[in-house]
Amino acid sequence: MPVTLEDKLAAMGLALPTVPKPVGNYRPAKRVGNLVFTSGQTARINGIRRFVGKVGVEVSDEDAYLSARDAALNCLACAGWAAGGVDRIRQIVKVTGFVNCIDGYDKQPAVINGASDLIQALFGDAGAHARSAIGVNALPSNVSVELEVVFEVE
C-alpha cells in the first residue's frame with residue numbers, strides 16, 4: 001500500500017488540521033485548472049491561534065519557524081480541500097511568506113524555512129519551489145507568519 005501524505009505527517013508527529021474557516025469574504029483556496037492558490041494561512045491550527053506577536057520581540061526565531069511550519073500545514077489542508085484530497089497534490093510551485101517582525105530584522109528566509117523544510121520532507125523533489133520571504137510591519141490578528149502557496153494538482 002502506498003505511503004500517503006497523512007502517513008508521512010504522522011511519522012513526523014504532525015497531522016493535517018481542519019481547513020480554517022475564512023474570517024472574511026473569500027475562500028480558503030481557489031483551483032484554476034491544475035493549480036491551487038491558497039489564501040493567506042497562519043498558524044491557527046483547528047481554531048487555536050499559535051505563535052502570536054512580532055518576531056524579534058514576543059516570538060522567538062525558533063517559534064517563528066514553527067509558525068511557518070503550521071501555516072504550511074493549513075495551506076496543505078486548504079489545497080487538499082480544493083483538489084479533492086491532499087494526495088492529488090503533485091508539486092509545490094511557489095511559497096510566499098510574510099513575517100511580522102521588528103524593524104531591522106533580517107532572518108525572514110530562516111523563518112520561512114519552517115514551511116519549506118516541511119514541504120521538502122513531504123514531497124522530495126516535487127517539493128522544490130520558488131519562494132519569497134518578506135518582512136512586514138503587521139499581520140492580521142498580530143500573527144507572526146502568514147503564507148500563500150501555489151500547488152500543482154491532478
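This is a predicted model, so every value here is computed, not measured. In what follows, every heavy atom counts, from backbone to side chain, and hydrogens, waters and symmetry copies are set aside.
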Contact summary for Leu35 and Glu152, nearest pair of heavy atoms: CD2-CA, 4.1 Å
Joint cluster assignment, Val59 & Val57, ILVMFWY side-chain distance < 4.5 Å: yes
Has the side chain of Asn46 got a donor or acceptor atom that lies under 3.5 Å from a matching backbone atom of Thr18? yes
Give a yes or no on whether Val19 and Leu14 share a hydrophobic cluster (residues Ile, Leu, Val, Met, Phe, Trp, Tyr; joining criterion: side-chain heavy atoms under 4.5 Å apart). no
Checking Arg131 against Thr96: is there a side-chain donor and acceptor pair closer than 3.5 Å? no
Using distance alone, with no hydrogens and no angle criterion, decide if Ser144 and Ser67 have a side-chain donor and acceptor under 3.5 Å apart. yes
Check: Asp87 side chain, Leu5 main-chain N or O, donor-acceptor pair, under 3.5 Å: yes
So do the side chains of Cys75 and Glu148 get within less than 4.5 Å of each other, counting heavy atoms only? no
Arg44 vs Val143, side chain to side chain contact (heavy atoms under 4.5 Å, CB included): CA-CA, chis, key distance, verdict: CA-CA 9 Å; Arg44 184 179 63 172; Val143 297; over 6 Å; no
Quick one: does any side-chain atom of Thr42 pair with a main-chain N or O of Glu146 as donor and acceptor, under 3.5 Å? no
Shortest non-hydrogen separation from Gly56 to Ile102 and the atoms involved: O-CD1, 3.8 Å
With the side chain counted from C-beta on, respond yes when Val93 and Phe151 share a heavy-atom pair under 4.5 Å apart, and no when they do not. no
Rounded to the nearest 0.5 Å, what separates atom OG in Ser39 from atom CZ in Arg27? 10.0 Å
Following the transitive rule for hydrophobic clusters with a side-chain heavy-atom cut-off under 4.5 Å over Ile, Leu, Val, Met, Phe, Trp and Tyr, establish whether Met12 and Ile119 coincide in one cluster. yes
Could you tell me if the side chain of Val150 sits less than 4.5 Å from the side chain of Ile92, heavy atoms only? no
Would you say Tyr105 and Asp61 are linked by a side-chain donor-acceptor pair, where the criterion is simply a distance under 3.5 Å? yes
Heavy-atom pair with the smallest gap, counting every atom of Thr38 and Cys78: CG2-CB, 4.3 Å
Can you name the closest pair of heavy atoms from Lys94 and Ser132 and give their distance? NZ-OG, 3.5 Å
Hey, are the side chains of Val149 and Phe37 touching, using non-hydrogen atoms and a 4.5 Å cut-off? no
Is there a donor-acceptor contact under 3.5 Å linking the side chains of Thr4 and Asp7? yes
When you check the gap from the basic side-chain N to the acidic O, do Arg50 and Asp70 get nearer than 4.0 Å? yes
Apply side chain to side chain contact (heavy atoms under 4.5 Å, CB included) to the pair Ile112 and Leu147, showing each step before the final yes or no. CA-CA 9 Å; Ile112 302 305; Leu147 288 183; 4.1 Å; yes
Can you hop from Leu122 to Val36 via hydrophobic side chains spaced under 4.5 Å? yes
Out of curiosity, does Val95 fall in the hydrophobic cluster containing Leu16 (side-chain heavy atoms, cut-off under 4.5 Å, transitive links)? yes
Just verifying a value: how many Å separate Phe123 CZ and Lys8 NZ, rounded to the nearest 0.5 Å? 7.5 Å
Hey, could you give me the CG/CD distance between Asn142 and Glu58, rounded to the nearest 0.5 Å? 6.0 Å
Taking all heavy atoms of Ala138 and all of Asn100, pick out the closest pair and write down the distance. CA-OD1, 3.7 Å
Looking at Arg31 and Gly33, would you say the former's side chain and the latter's main chain have a donor-acceptor pair under 3.5 Å? yes
Using a distance-only test with no angle check, is there a side-chain donor-acceptor pair under 3.5 angstrom linking Arg88 and Asn34? no
